[in-house]
Amino acid sequence: MRIGYPCVNESLDCTATSTFRLASYSDERVEQAVANNLACLQRILEYNVQHNLRFFRIGSGVVPFGSHPINTFRWQTRFAAEFRAIGDYIKQNDLRVSFHPDQFVVLNSPDAGIVQRSIDELVYQGSILDLMGLDGTAKLQIHAGGVYGDKEAALTRWIATYRQLPDVVKARLVVENDDRLYSLQDCLRLHNAVGVPVLFDNFHHECLNNGEPMPLALRMAAATWHPTLDGPIMIDYSSQAPGERRGKHVASMEEDLFRRFLEDLRGLDADIMLEIKDKEASAHRACMIMQDVGLLVRAAQSVPSGNPAVS
DNA sequence: AAGTGTCAAGTGGGA
DNA sequence: TCCCACTTGACACTT
């Protein structure tokens, strides 16, 4: 099992998603930003190895305007060596990485332009994982999309779009239950239609479900992952922020709730992404708890390799 | 240097 | 009819 956190490391003084405004686009700025982002990504991964945090979500903006037609810079070839080196580091240290393309990726939109831009974005993010030389266990995680007043029609459109995706995207795509529109059951229908694995979000399931108890829900989602092609199941973990709007993520992990969740999970291998505001701070506490209950081996006393220049 | 309005992209819910 | 949230701040203009 692995513990991870999304996109941002608050302990380091760098960002792996530095960008700029579309209005000030230039190839030079893309090159500058990608160089910075990949150097920072490498530092984050080294930090993660040192802290036994072996799961990380890479931010969508690692290549600014990565799927925008304005971006004609050949970043794939310019940074081929850097992508490959990061991929090697990921494999050598048994890390797992993923992407979560943002809310603009909607495969079931009635608008063909939106669907095409969504596919372009998936191809862009998937190509980064390809350039890193990572196998199909490195995933692209999306939601089912909108309902548009007719969920049946929306699910049908999703399936039709999925079937048109390039194989390289299909091999990585997973669909996550959301907190308002598409429940675990809805996602399982997509799985039954096209085989897409279901990424289970426990907090979304608490917000929107069909009465499945958490242990059962976890096992239903787990059954949609192919053990070797897809890897261990991925889970997004969070909990309700006390006193806040329903669906708001908690600021810092509540340890008793996490221990209870591990009880529900018991017996399943999973990589858990903590979608919690304070990032690696909570991930580190989760790591300690999992070591405490014997679900995680302690970090090796490894010396970080590569990039000796930065600290 | 500090303050702040706005940023590529979509959708639905709530004020 | 706006405004907000969403996996995540931070760019860039103004003073």
Side-chain angles (χ1 to χ4, degrees), chain A residues 4-10 12-26 29-30 32-33 36-37 40-41 44 55-71 97-125 139-151 153-154 157-158 161 174-182 199-204 207-208 234-241 244-251 272-283:
Chain A
Y5 60 99
C7 306
V8 173
N9 179 298
E10 297 182 330
L12 298 173
D13 59 357
C14 69
T15 171
T17 54
S18 65
T19 185
F20 50 88
R21 296 295 166 85
L22 179 62
S24 53
Y25 179 91
S26 72
R29 291 205 64 173
V30 174
Q32 176 187 17
N36 172 81
N37 291 341
C40 183
L41 177 58
I44 291 173
F55 191 19
F56 186 69
R57 181 184 300 162
I58 303 173
S60 301
V62 64
V63 176
F65 310 105
S67 70
H68 193 287
I70 197 174
N71 187 347
V97 295
S98 63
F99 279 94
H100 191 340
D102 57 28
Q103 62 269 33
F104 310 109
V105 172
V106 186
L107 293 186
N108 67 1
S109 174
D111 181 326
I114 291 169
V115 173
Q116 187 57 54
R117 286 190 288 278
S118 298
I119 294 171
D120 292 345
E121 180 72 8
L122 290 172
V123 168
Y124 145 62
Q125 298 194 20
K139 294 302 189 186
L140 304 169
Q141 152 188 3
I142 63 170
H143 293 290
V147 168
Y148 314 94
D150 184 347
K151 186 182 271 188
R157 278 198 306 277
W158 198 98
T161 303
V174 297
V175 66
E176 174 192 355
N177 59 308
D178 70 69
D179 60 347
R180 295 180 299 123
L181 304 176
Y182 289 93
L199 190 152
F200 185 74
D201 184 309
N202 77 303
F203 182 33
H204 291 165
C207 295
L208 177 70
M234 291 180 175
I235 291 173
D236 281 354
Y237 175 85
S238 190
S239 61
Q240 173 68 40
E244 297 276 0
R245 170 190 58 80
R246 176 177 166 84
K248 172 114 175 139
H249 290 202
V250 73
I272 304 173
M273 174 80 49
L274 271 75
E275 288 193 331
I276 292 180
K277 287 292 178 203
D278 67 357
K279 302 293 179 186
E280 74 275 10
S282 282

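Bear in mind that the values here come from a model prediction, so they are computed numbers and not experimental data. Within every chain, numbering begins at 1; the chains are lettered A, B, ... in the order of the sequence lines, protein sequences first and strands thereafter.
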For this session: Please check if any side-chain donor atom of A/Ser18 sits under 3.5 Å from a side-chain acceptor atom of A/Asn36, or the reverse.
Result: yes

Exercise. Just wondering, do A/Leu12 and A/Cys40 contact through their side chains at under 4.5 Å, heavy atoms?
Worked result: no

Seminar exercise, completed: Here the gap from A/Glu176 atom CD to A/Asp236 atom CG, rounded to the nearest 0.5 Å, amounts to 4.5 Å

Exercise. Quick one, which residues of residues 274-282 of chain A touch DNA chain C with a heavy atom under 4.0 Å?
Worked result: A/Glu275, A/Lys277, A/Lys279

For this session: Please work out if A/Thr19 contacts a base, only the sugar-phosphate, or nothing of the nucleic acid, heavy-atom cut-off 4.0 Å.
Result: sugar-phosphate

Exercise. Hey, what's the ring geometry for A/Phe65 with A/Tyr25, parallel, tilted or perpendicular (30° and 60° as the breaks)?
Worked result: perpendicular

For this session: Would you mind classifying the nucleic acid contact of A/Leu181 as base, sugar-phosphate or nothing, using non-hydrogen atoms under 4.0 angstrom?
Result: sugar-phosphate

For this session: Measure the acute angle between the ring planes of A/Tyr5 and A/Phe56, then classify it against the limits of 30° and 60° as parallel, tilted or perpendicular.
Result: perpendicular

Exercise. Which atoms form the tightest heavy-atom contact between A/Asn177 and A/His204, and what is the distance?
Worked result: O-ND1, 2.9 Å

Exercise. Counting any heavy atom closer than 4.0 Å, what does A/Gly146 reach on the DNA or RNA strands: base, sugar-phosphate only, or nothing?
Worked result: sugar-phosphate

Seminar exercise, completed: The single option from A/Ile58, A/Thr17, A/Val97 that satisfies side chain to side chain contact (heavy atoms under 4.5 Å, CB included) with A/Leu41 is A/Ile58

For this session: Please measure how far the P atom in C/dT7 lies from the corresponding atom in B/dA1, and state the result in whole Å.
Result: 37 Å

Problem set entry | Partner residues of A/Glu280 under the salt bridge (charged side-chain N to carboxylate O under 4.0 Å, His left out) criterion, sequence neighbours left out | none

Exercise. Can you find a pair of side-chain heavy atoms, one from A/Leu199 and one from A/Lys139, that are under 4.5 Å apart?
Worked result: no

Exercise. Quick one: does A/Asn71's side chain get under 4.5 Å of A/Tyr124's, heavy atoms only?
Worked result: no

Problem set entry | Shortest non-hydrogen separation from A/Gly145 to A/Val106 and the atoms involved | CA-CG1, 4.0 Å

For this session: For C/dT8 and B/dA2, measure between their C1' atoms and round to the nearest Å.
Result: 24 Å

Problem set entry | P atoms of C/dG9 and B/dG10, separation to the nearest Å | 22 Å

For this session: Identify whether any heavy atom of A/Ser118 sits under 4.0 Å from a base atom; if not, whether one sits that close to sugar-phosphate; answer base, sugar-phosphate or nothing.
Result: nothing

Exercise. Shortest non-hydrogen contact from A/Glu121 to A/Ser60?
Worked result: OE2-CB, 4.3 Å

Under 3.5 Å, which protein N or O atoms sit close to an N or O of nucleotides 8-10 of chain B? Give each pair with its distance.
from  : atom 1 : to      : atom 2 : distance (Å)
B/dA8 : OP1    : A/Leu22 : N      : 2.4

For this session: Tell me which of A/Val8 and A/Arg29 sits closer to the 5' end of DNA chain C, going by the nucleotide each one is nearest to.
Result: A/Val8

Problem set entry | Parallel, tilted or perpendicular: rings of A/Phe203 and A/His249 (30°, 60°) | perpendicular

Seminar exercise, completed: Paired runs of 3 or more consecutive Watson-Crick or G-U pairs involving DNA chain B, with both pairing distances under 3.5 Å, are B:1-7 with C:9-15, B:10-15 with C:1-6

Problem set entry | side-chain contact (heavy atoms from CB on, under 4.5 Å) against A/Cys7, all qualifying residues, sequence neighbours excluded | A/Arg57

Exercise. Say you pick atom C1' in C/dA10 and the same atom in B/dT11; how far apart are they, in whole Å?
Worked result: 24 Å

Problem set entry | Heavy-atom contact window of chain A on DNA chain C, given 5' to 3' at under 4.0 Å | C/dA5 to C/dA12

Problem set entry | Whole-angstrom distance between C/dC6 and B/dT4, as gauged at atom C1' | 23 Å

For this session: Using the P atom as the reference point in each nucleotide, state the distance between B/dC7 and C/dC3 in Å, no decimals.
Result: 14 Å

